[in-house]
Amino acid sequence: MSSSLLPYFLMIPAGLGFLIPLLGRSRIRPADTLAALGTGLLLALSLFTLGKTGKHLVGGWPQPIGITLALDPLSSLMLTLIAGLGLCASIFSIRALDRHTGRSHYYSLFLLMIAGMNGVALTRDLFNLYVFLELASISSYALVAFSAEAEDLEAGFKYAILSGLGSIFILLGIAVVYLCYGTVNLPQLAERLALAPAGELINFSLILLLAGFCIKAGLIPFHFWLPDAHPAAPAPVSAMLSGILIKALGLYALARLLFNVYDLSPGLGRLLLGLGALSMIGGVLLAIGQNDFKRMLAYHSISQIGYIALAFGLGTPLGIMAGIYHLVNHAAFKSLLFLSAGAVEYRTGTRDLNELGGLRARMPVTSAASLVGSLSIAGVPPLNGFFSKLLIIFACVQAGRQGLAAAAVIVSILTLASFMKVQRAAFFGPLKDKWTGLKEVPFSMQLSLFLLMAACLALSLLVLPGLREQFLNSAQAVLSAGIMPAGGSR
Amino acid sequence: MIIYFLILLLFAVGLYGLLSQRNLVKLIISMSILECAADLLLIAAGWRANGSAPVIAAGQDAGQFALSSVDPLPQAMVLVSIAIGLALLLLLTAIALRLYHEYGTYDIGEIRRLRG
Amino acid sequence: MPELLTLLLVFMIIAAILAIESEDLTSAVVSMGAVGFGLSVCFILLRAPEVALAQIVVEVVVLIVLLRGIVSVKPKTGPEKPDRTGLYLGVVLVGLLLVLSVYVAGEFPQLGEPSFARFPDSAGETYLKQGLALTGAANSVAAVLLDFRGLDSLGEVAVLFAALLGVMLLVRKNPRLEIKVEAESGPNGAPVEKGAAKVSEGEPK
Amino acid sequence: MKEGMSLIVKTVARWVVGFIFLYGIYITAEGHLGPGGGFSGGIILACSYILILIAYGRRFASRNLDWRIARIMAGVAALSFLALAMLGMIFETGGNAHFFDNLIRKNLPGTAFHLFSGGNIPLLNLALAILVLASVFTAFVLLAAVRFWETRGKKFFSSLEDGP
């Protein structure tokens with residue numbers, strides 16, 4: 001298929017990212033316009049490539065010599081998510097950054113982050129994956145500290161150090177892999193791994209890579225950066241971080257390596273299962289006591305990431321499919337929740353749930369968005385979160401892990417309780433005197449909330465057999481097909 | 001063998017520094033030591049005993065050169081990772097400086113308001 | 001050769017320990033420089049002159065940035081109490097890593113037998129054999145970096161650019177357009193961002 | 001003239017800086033022929049500016065070496081790096097269109113071991129060098145100037161608050 005399309009996923013965001021700081025300030029606000037146009041273009045491109053396969057040999061060099069960009073149903077799904085959330089977040093940013101300086105640099109970093117994630121989704125080369133992962137990470141460090149106030153700087157430093165440690169683990173893992181197998185090309189590496197006798201060094205490199213990607217994903221023993229970084233970032237950035245960054249850099253890359261290169265062994269699956277269950281339960285328990293809206297959402301991110309890791313860890317086709325579905329859904333509802341938290345903060349200037357109250361009367365759209373997001377994350381029937389959680393529970397039962405299925409149900413109930421608390425504290429109930437003069441957020445912010453709400457409703461259609469086979473099952477087939485084919489077309 | 005072990009030891013020293021130190025500058029230093037170790041492991045992976053640098057001389061036979069030179073791929077990778085390390089260090093330095101201006105100290109224990 | 005390398009590595013490890021444990025920030029930064037220069041010499045011994053050059057110039061810039069930017073602000077660290085949990089976590093993790101590396105040490109391939117030579121049709125061999133013919137660059141590393149694996153360099157460019165943007169964002173003086181109300185002073189009486197943006201109105205057009 | 005360091009340092013810096021600059025250009029330009037390359041060359045070039053800055057003090061530097069121009073240079077260099085990489089995508093069609101295609105070499109092969117060989121490798125090296133020069137220099141100036149945050153006027157930092 002049209003494989004010469006693939007480099008545009010890197011060229012468009014990177015080129016706009018380089019261009020935007022050069023433009024001056026004018027009435028049409030070139031930075032905002034270009035960022036929205038660029039992400040819109042990316043979304044159009046990725047929708048066009050959705051579900052297709054293709055390969056682009058960078059520089060025209062064949063597989064082990066050069067770097068290959070490859071598209072398969074899973075990576076096209078990731079590209080669509082990245083571009084879709086990028087579009088919503090950049091529309092939201094137009095007004096959300098009203099009170100900040102340095103807008104053009106913000107947009108530029110935002111686009112470079114998208115370029116990095118696109119690169120991670122497309123590349124078939126371990127070291128190139130590391131480079132793009134660092135591109136996305138370094139841009140996100142700067143974006144987390146964007147407001148440059150004391151707490152943001154602190155969160156940014158903590159995030160940069162811990163996530164940087166993850167990157168170093170990945171680099172060391174790559175070094176060990178190269179030391180043993182002499183290649184960084186993923187298909188060739190998979191081939192050599194399958195041929196070589198299983199030794200301790202494979203496991204050593206795997207431990208290093210696993211630790212690195214788990215830090216990036218924010219799974220529970222490695223989660224320390226996440227609850228600080230997400231609240232500190234501006235709302236669109238935290239929507240991106242939680243919605244897609246931790247998945248693209250963490251879970252997606254990890255799943256690629258585990259399933260398609262290391263050929264997931266049962267022991268590894270159990271490890272992933274354990275980490276997932278721990279994050280799922282621990283995240284929600286940590287979330288319950290929180291009063292900071294965004295901090296609570298950050299802990300819920302850990303919990304939901306746990307669901308996805310758990311589903312991947314089952315290793316069964318249904319489990320993988322459910323995991324991918326939940327990944328897509330989580331991107332929609334968690335960014336919706338973060339953006340509505342950002343909308344509340346934009347008008348009220350606070351994230352403390354105890355200070356809010358009765359906002360429903362003054363901010364109907366925001367409160368509807370937050371309600372949809374809350375019901376979806378808690379798994380209430382007509383919304384997308386319900387179906388994917390149900391599938392995960394089915395998969396657990398099918399794999400003979402009833403205990404985990406029960407845990408997933410209980411965590412879901414706890415999530416519902418936690419979000420009911422939010423709704424009662426912030427949106428329902430009597431309007432506090434302080435907020436009587438409040439207005440609804442500007443149109444551009446409402447627009448992105450509407451888009452994501454529509455996505456939350458529409459994504460539940462993916463459970464229908466026809467759509468499921470086209471999008472989810474084909475993506476799941478990529479992972480459950482085992483190690484990726486070597487060589488390839490020239 | 002001992003070389004690889006020493007490289008991992010260097011990595012361990014950096015890791016220890018990153019986890020035990022509370023000074024922002026020390027954290028940055030530990031980060032850079034960790035990067036040194038990873039880079040060295042990569043370069044060592046491509047070294048050939050009594051090999052030559054991967055630069056072909058005029059008139060040298062390419063086949064002969066391929067048998068006597070060290071591996072250029074890890075060197076290219078390390079160059080990229082050095083650049084990435086520099087970028088990360090500049091960013092960390094900027095954040096550390098700003099934190100100093102906010103709190104008047106580099107000690108993370110004193111400035112830690114957030115607790116994860 | 002390996003003996004020399006071992007010696008250098010021991011020197012680097014000692015310098016690293018000094019850099020981490022020294023009380024004085026200036027000597028910590030200088031010890032870090034020693035690690036970097038040792039690394040550069042290691043690169044030369046391992047026949048990587050290009051990487052050695054890059055490492056040495058980067059080390060110089062890093063030293064200048066750290067000394068000029070950070071250490072000149074405040075030359076000494078106060079008496080620090082070590083972070084207990086971090087200390088234990090560090091010791092445990094380091095112990096784990098060392099145990100693991102002892103465990104796998106027997107499996108590491110022989111030093112001096114590059115991995116690309118052990119496998120047929122490795123990329124490294126192609127780079128050496130046909131690099132000049134295919135790209136016209138006599139320096140194989142440049143051929144790999146900018147032609148065979150040019151995408152890595154694009155990533156490198158983007159990362160450097162992102163870091164520049166990040167530095168510019170972080171040192172701007174008025175991150176917000178609003179007028180700030182609170183003017184508290186940080187611990188140790190350091191001034192906290194005094195004249196925050198006296199931009200007349202909070203709402204830009 | 002109390003700016004900067006002592007007269008000896010200034011004089012030596014004035015002599016040395018040209019050589020450092022030349023060396024940086026040499027390293028960049030010969031990057032595809034021998035050890036060197038855009039990254040190292042760019043940092044060496046940046047070092048020559050940093051030397052002037054340290055020796056002559058910030059007032060001299062802010063008069064003669066404007067980091068705001070360096071910032072624009074960085075953007076232009078990054079864009080031209082990308083543009084060089086895109087050449088193959090633009091001027092070739094169909095199955096031949098490859099990102100990072102060395103199109104210049106295909107049309108103008110040059111002679112091996114001469115400066116004009118390697119197609120766009122030297123050009124990419126040059127763009128990389130300019131980018132590294134500009135970004136390292138800018139970052140250094142800004143990081144060193146944070147010390148004077150309170151005393152330094154609005155003019156220095158205000159242009160950071162939005163695009164140039």
Side-chain angles (χ1 to χ4, degrees), chain B residues 1-6 8-10 12-13 15-17 19-20 22-23 25-26 29-30 32-33 36 40 43 45-49 51 53-56 62 65-66 69-73 75-76 78-80 82-84 86-87 89-91 93-95 97-98 100 102-105 109-110, chain C residues 5-6 9 13 16-17 19-20 25 28 32 35 39 42-43 46-49 51 54 58 62 65 69-70 73 77 83 86-87 89-90 94 97-98 101 105 108 111-112 114-116 123-125 127-129 132 138-141 144-145 152 156 159-160 163 166-167 170-171 186-188 190:
Chain B
M1 237 50 66
I2 184 82
I3 302 279
Y4 295 126
F5 186 73
L6 285 176
L8 288 175
L9 194 62
L10 185 64
V13 170
L15 190 63
Y16 168 77
L19 292 168
S20 69
R22 300 203 303 175
N23 188 299
V25 185
K26 295 278 185 69
I29 289 172
S30 311
S32 128
I33 290 170
C36 285
L40 191 52
I43 293 284
W47 183 59
R48 190 197 293 267
V55 181
I56 193 165
F65 174 63
S69 167
V70 300
D71 191 355
L73 179 54
Q75 301 197 6
V78 168
L79 272 175
V80 174
I82 286 176
I84 290 173
L86 177 67
L89 187 125
L90 289 177
L91 200 63
T93 312
I95 304 182
L97 273 172
R98 277 298 313 267
Y100 181 80
E102 297 286 340
Y103 293 99
T105 175
E110 283 176 41
Chain C
L5 210 58
T6 314
L9 263 165
I13 290 169
I17 293 172
I20 285 168
L25 274 190
M32 187 201 85
V35 178
L39 183 66
C42 286
F43 287 156
L46 293 171
R47 295 286 181 271
V51 187
V58 164
V62 165
V65 165
I70 282 194
V73 177
T77 64
D83 182 2
L87 198 67
L89 193 66
V94 167
L97 186 76
L98 288 182
S101 51
F108 274 122
L111 185 74
S115 46
F116 79 108
E125 206 182 323
Y127 296 146
L128 290 174
K129 225 177 237 168
L132 183 61
N139 180 0
S140 306
V141 181
V144 175
L145 202 59
D152 281 352
E156 177 187 338
V159 167
L160 282 167
V167 170
L170 287 170
V171 302
N188 301 359

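None of these values were measured; they are calculated from a predicted model. Quick note on labels: first sequence line is chain A, next is B, and so on, each numbered from 1.
Highest contact tally toward chain B, considering only C:Ser140, C:Gly90, C:Pro49, is held by C:Ser140 [criterion: heavy-atom pairs under 4.5 Å]. Chain B forms more heavy-atom pairs under 4.5 Å with one residue of C:Ser115, C:Ser101, C:Cys42 than with any other, namely C:Ser101. Listed options B:Val78, B:Ile82, B:Ile43 were ranked by heavy-atom pairs under 4.5 angstrom with chain C; first place goes to B:Ile43. Most heavy-atom pairs under 4.5 Å with chain B: of the set C:Asn139, C:Val144, C:Val35, C:Leu111, this distinction falls to C:Leu111. For the set B:Ala62, B:Gly51, B:Gly46, B:Pro54, the count of heavy-atom pairs under 4.5 angstrom toward chain C peaks at B:Pro54. With respect to chain B, the highest number of heavy-atom pairs below 4.5 Å among C:Lys129, C:Glu125, C:Glu156, C:Arg47 belongs to C:Arg47. When C:Ala123, C:Gly124, C:Ala48 are compared by the number of non-hydrogen pairs under 4.5 Å with chain B, C:Ala48 comes out ahead. The most heavy-atom pairs under 4.5 Å with chain B, out of C:Leu160, C:Val141, C:Asp152, C:Val62, come from C:Val141.
At a 4.5 Å heavy-atom cutoff, the contact between B:Phe5 and chain C is made by side-chain atoms alone. Contact of C:Leu97 with chain B is made through the side chain alone, with heavy-atom distances under 4.5 Å. Contact annotation for B:Ile2: only side-chain heavy atoms (C-beta onward) come within less than 4.5 Å of a heavy atom of chain C. Within the 4.5 angstrom heavy-atom criterion, only side-chain atoms of C:Leu132, from C-beta onward, approach chain B. Both the backbone and the side chain of B:Ile84 come within contact range of chain C, each with at least one heavy atom under 4.5 Å from a heavy atom of that chain. At a 4.5 Å heavy-atom cutoff, the contact between B:Ser32 and chain C is made by side-chain atoms alone.
A pairwise comparison of heavy atoms in C:Val94 and B:Ala12 identifies CG2-O, 3.3 Å as the closest pair.
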### Message
Run the side-chain contact (heavy atoms from CB on, under 4.5 Å) test on C:Phe108 and B:Leu8 for me, step by step, so that the C-alpha distance in whole Å, both residues' side-chain angles and the decisive distance to 0.1 Å come before the verdict.
### Response
CA-CA 12 Å; C:Phe108 274 122; B:Leu8 288 175; 4.0 Å; yes
#### Entry: Verdict with supporting geometry, B:Leu40 and B:Ile3, side-chain contact (heavy atoms from CB on, under 4.5 Å)
CA-CA 10 Å; B:Leu40 191 52; B:Ile3 302 279; over 6 Å; no
### Task
Go through B:Leu6 and C:Thr6 one step at a time and tell me if the side-chain contact (heavy atoms from CB on, under 4.5 Å) criterion holds.
CA-CA 8 Å; B:Leu6 285 176; C:Thr6 314; 3.5 Å; yes
### Task
Go through the steps to decide whether B:Asp71 and B:Trp47 satisfy the test side-chain contact (heavy atoms from CB on, under 4.5 Å), and finish with yes or no.
CA-CA 7 Å; B:Asp71 191 355; B:Trp47 183 59; over 6 Å; no
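Between B:Leu89 and C:Val58 the shortest side-chain heavy-atom distance does not fall below 4.5 Å. By the 4.5 Å heavy-atom criterion applied to side chains, C:Leu170 and B:Leu91 are counted as neighbours.
Side-chain atoms of B:Ser69 never come within 3.5 Å of backbone atoms of B:Phe65 as a donor-acceptor pair (strictly under, hydrogens ignored).
For B:Arg48, the side chain to side chain contact (heavy atoms under 4.5 Å, CB included) test picks out B:Val70, C:Pro114, C:Phe116, C:Ala117, with sequence neighbours left out.
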